[in-house]
Amino acid sequence: MWQDFKEWLISWREGLQDQLETGTVFRYGAAALGLYLVLVSAVGIYWSQQPALPDPPERLAAQQVVGVATTETLISVAETLLDKSGGFISNDLLPPGLLLDNMPSWEYGVLIQVRDMTRAFRESFSRSQSQSQEDEDLARAEPRLNFSNNSWAVPATESEYRSGIKHLKNYLTRLQDVSRSDAQFYARADNLRYWLSTVESRLGSLSQRLSASVGQRRLNTDLANDVAARQSTAAPSEMEVKTPWTEVDDVFYESRGSAWALIRFLRAIEVDFADVLTNKAALVSLRQIIRELEAT
């Protein structure tokens, strides 16, 4: 029996040597590697697809509580970050997520808009005045949605974001219950102005970064139009602004993510702030803004 095993071992070793000499093992290895790369690329392409925009929400019905459309949209946008194809990719440590950069940039653009809207809910939409008490669920949701977007463990980014979404859902449940008054959404012009000013600032920054993709010589206008204005340290009167070529695509996809989220939020704002927009003769302007964003 031992002799038979010894002869088999010698035969197996000689066969392995023959395969190594003819390159069979290397060919198999190269084929396996090629197949793996094809599969990773295919999955990466699938994961990089931008989620489709859902249909606009219906106009405010007589029995619908004001604020429900915007709250539901905020929850839906946040859940899309976690439940789209591939899930949340920004904190992936393995391929194909690790090798993707466009979709994480898109996610970051959406995430910034989610954070700004959540802050508007906490600081403005849910409060009747600056001295009023903030909503408990919104106060807990905002810091969780502002958690780092690249943490993969203890705690994971996804778990923190889902906890924030859970608090938003608690707020929505109380808001929809007409027998309760402990959750409110105030559709006022000053509340809407609070959020729009943040959106304006975000879009201004993205616009400058997109324009800088080709490089520009710009005059320093930081203190323009205010003779008494001062700044902390001196800055050159003229500078060259240019986005590094390695970041141009990141800025582009971040902008796409921001536009995708803004389209959904503005559609909801049109529903909940319909009376305010009509009173300010701004409804048509808002609809045109939405069309401009849809074209992106």
Side-chain angles (χ1 to χ4, degrees), residues 53-78 109-110 112-139 141-142 145 165 167-207 258-296:
L53 281 169
D55 295 331
E58 297 294 333
R59 294 196 58 79
L60 186 64
Q63 71 275 12
Q64 184 176 341
V65 177
V66 173
V68 168
T70 306
T71 309
E72 288 181 338
T73 299
L74 174 58
I75 293 171
S76 176
V77 171
V110 175
I112 290 298
Q113 296 301 329
V114 168
R115 289 172 174 175
D116 289 345
M117 178 60 83
T118 306
R119 183 178 298 109
F121 263 86
R122 179 183 181 181
E123 299 293 340
S124 184
F125 292 157
S126 65
R127 302 173 67 180
S128 60
Q129 53 188 348
S130 59
Q131 291 80 20
S132 60
Q133 184 176 353
E134 63 184 7
D135 186 271
E136 183 176 345
D137 278 309
L138 295 177
E142 187 198 359
L145 289 170
I165 293 171
H167 285 292
L168 290 177
K169 289 181 176 180
N170 290 341
Y171 166 77
L172 176 62
T173 299
R174 292 186 289 111
L175 184 66
Q176 290 176 310
D177 190 348
V178 295
S179 65
R180 303 176 62 174
S181 60
D182 58 341
Q184 296 291 340
F185 183 98
Y186 298 98
R188 299 197 313 259
D190 58 329
N191 289 352
L192 180 57
R193 188 184 306 113
Y194 175 92
W195 176 68
L196 289 177
S197 64
T198 304
V199 172
E200 179 184 12
S201 177
R202 296 292 187 190
L203 292 183
S205 176
L206 285 173
S207 177
S258 290
W260 182 88
L262 277 175
I263 291 170
R264 299 197 59 185
F265 290 153
L266 289 173
R267 286 175 174 177
I269 289 294
E270 180 183 352
V271 172
D272 285 327
F273 287 83
D275 293 340
V276 173
L277 293 168
T278 301
N279 183 57
K280 299 294 183 179
L283 188 59
V284 175
S285 298
L286 176 69
R287 291 174 178 173
Q288 181 60 34
I289 291 172
I290 294 174
R291 287 192 178 186
E292 294 290 343
L293 287 171
E294 289 172 343
T296 63

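Quick caveat: nothing in here was measured; it's all calculated off a predicted structure.
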| said: Run the side-chain contact (heavy atoms from CB on, under 4.5 Å) test on T71 and F121 for me, step by step, so that the C-alpha distance in whole Å, both residues' side-chain angles and the decisive distance to 0.1 Å come before the verdict. | reply: CA-CA 9 Å; T71 309; F121 263 86; 3.3 Å; yes
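- With 3.5 Å as the limit, one finds a donor-acceptor pair spanning the side chains of D272 and T70.
- Counting non-hydrogen atoms of neighbouring residues, nucleotides and ligands closer than 6.0 angstrom, the CD atom of E136 reaches no more than 12 such neighbours.
- Of the possible donor and acceptor atoms, one in the side chain of N191 sits under 3.5 Å from a partner among the backbone N and O of Y186.
- When side chains are defined from C-beta on, P54 counts as touching R264, because their heavy atoms get closer than 4.5 Å.
- Enclosure of atom CD in Q288 by more than 12 non-hydrogen atoms of other residues, nucleotides or ligands within 6.0 angstrom is indicated.
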| field | From CA spacing to verdict: side-chain contact (heavy atoms from CB on, under 4.5 Å), M117, T73 | value | CA-CA 10 Å; M117 178 60 83; T73 299; over 6 Å; no
| task | Check the pair V77, V110 against side-chain contact (heavy atoms from CB on, under 4.5 Å), reporting the backbone distance first and the verdict last. | result | CA-CA 8 Å; V77 171; V110 175; 3.6 Å; yes
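- Under the 4.5 Å side-chain criterion, counting only non-hydrogen atoms from C-beta, L168 is in contact with L145.
- The shortest side-chain heavy-atom distance between L74 and V114 falls under the 4.5 Å cut-off.
- In this structure, E142 CD and H167 NE2 are separated by 12.5 Å, a value rounded to the nearest 0.5 Å.
- Between R193 and D190, none of the side-chain N atoms (NZ, or NE/NH1/NH2) sits under 4.0 Å from a carboxylate O, so this pair counts as no salt bridge.
- Atom CD1 in I290 sits 11.0 Å away from atom OG in S285 (nearest 0.5 Å).
- Within the 3.5 Å criterion, the main-chain N or O of Q184 finds a donor-acceptor partner in the side chain of Y171.
- If you take CZ on R115 and OG1 on T198, they are separated by 14.5 Å, rounding to the nearest 0.5 Å.
- R267 contributes atom CZ, which lies 5.5 Å from atom CG of L53 (distance to the nearest 0.5 angstrom).
- One distance of note links CD1 of I263 with CD of Q113; it measures 11.0 Å at 0.5 Å rounding.
- Rounded to the nearest 0.5 angstrom, L172 CG and I165 CD1 are separated by 12.5 Å.
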| said: Between R202 and S258, does the side chain to side chain donor-acceptor pair (under 3.5 Å) criterion hold? Intermediate values first, please. | reply: CA-CA 9 Å; R202 296 292 187 190; S258 290; over 6 Å; no
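- Taking the six-membered ring for Trp and thresholds of 30 and 60 degrees, F185 and F125 have ring planes inclined between 30 and 60 degrees apart.
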| Test side-chain contact (heavy atoms from CB on, under 4.5 Å) applied to W195 and I269, step by step | CA-CA 11 Å; W195 176 68; I269 289 294; 3.9 Å; yes
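- With a 4.5 Å cut-off on side-chain heavy atoms, T118 and R122 do not count as touching.
- The shortest distance between side-chain heavy atoms of L262 and L203 falls below 4.5 Å.
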